[in-house]
Amino acid sequence: MYYFFHGLLSDKKGGAIFTLFSFWHFLYIGLTLSVIIALLVLLKGKDEHSRGKTAKVFINIAFGLYIADFFLMPLAYGKIDIEKLPFHACTAMCVMCFLSYHIPFLEKYRTSFVLLGFVSNFVYLIYPAGVMWHGVHPSSYRVIQTLIFHSAMTIYGFLALTFNGNNLGIKKSYKHLIVVVCMTLWAMLGNNIYNGDSEGYSHFFNWFFVVRDPFYILSESISPFVMPIINITAFYLTELLMCFVFSKLYKLSKYEKRD
């Protein structure tokens, strides 16, 4: 059974490879946008409960894909990829959004989790660097799992923010800052624990880009001190912009008149 699943899930080499803005990349982007548009149309006349239930389906799908990946990675790659631990905003916010439906304390921070999760997953969907670096065939499990996961998170984030545009006022923006700061500290913890050399192996991760500048503008000696501040500032300002955009979209969609 192992050899069967390994052959099915392992990286496929040769022929076409998944590249930036290729047909396969545009296919995932197009499918994601199509699902969002279709759901916005279908849910136009539905009540708040129905809309919230629909959005919740996609966070359940994303969380299910994330957990299943830990069981499938040993079959696909022969090991569990440590980088898939929830120290990137994409995966960490998936976990937190899912838990916010089951832990009352986290519920009041759900919108902040959704904002950070939407921004990070949408950016990855547009620029899926982690997949491109491997240079594998578009039909490889690595490509399919990663792109569907980020698509599901993008769809969930867009729906959740659109349907709750009335809760994106500036008065609650301090919660968004708290979540971004906590995410930064969490990523710093992960990088400090897992980065290092042992038994001839060198481990380096750059979760949430707090260890090294992803654009290589800053030197490696300065980056660990500067990048956390840059990240907090950039993500928080981006989230404030998203609050403005989705609050306007909420009013234009007139969902508040359907409740």
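Pairs passing the side chain to side chain donor-acceptor pair (under 3.5 Å) check and including a residue from residues 225-235, sequence neighbours excluded, do not occur.
Ring geometry for Phe105 against Tyr109 counts as tilted: the plane angle lies between 30° and 60°, on a 0 to 90° scale. In this structure, Tyr66 and Phe149 have tilted ring planes: the angle between them lies in the 30° to 60° band. The aromatic rings of Trp207 and Phe87 sit tilted, their planes meeting at an angle between 30° and 60°.
Using a 4.5 Å heavy-atom threshold, the side chains of Leu240 and Ile170 count as touching. At a threshold of 4.5 Å between non-hydrogen side-chain atoms, the residues Ile59 and Met153 count as touching. Put simply, the side chain of Lys172 does not reach to within 4.5 Å of the side chain of Cys243, judged on heavy atoms. The side-chain heavy atoms of Phe113 and Leu106, taken from C-beta on, include a pair separated by under 4.5 Å. Proximity of Val211 to Ser223: side-chain heavy atoms (C-beta onward) are nowhere separated by under 4.5 Å. Within the 4.5 Å cutoff, the side chain of His25 has no heavy atoms near those of the Thr19 side chain. Using a 4.5 Å heavy-atom threshold, the side chains of Phe204 and Arg212 count as touching. Between Leu39 and Phe58 the shortest side-chain heavy-atom distance falls below 4.5 Å.
Residues Phe21 and Val131 share a single hydrophobic cluster, defined by chaining ILVMFWY side chains whose heavy atoms lie under 4.5 Å apart.
Legend: residues meeting side chain to side chain donor-acceptor pair (under 3.5 Å) with Ser100, ordered by chain and number and at least two apart, are Arg110.
For the ring pair (Phe, Tyr, Trp, His ring centres under 6.0 Å) with His88, the qualifying choice from Phe208, Phe209, Tyr124 is Phe209, the only one to do so.
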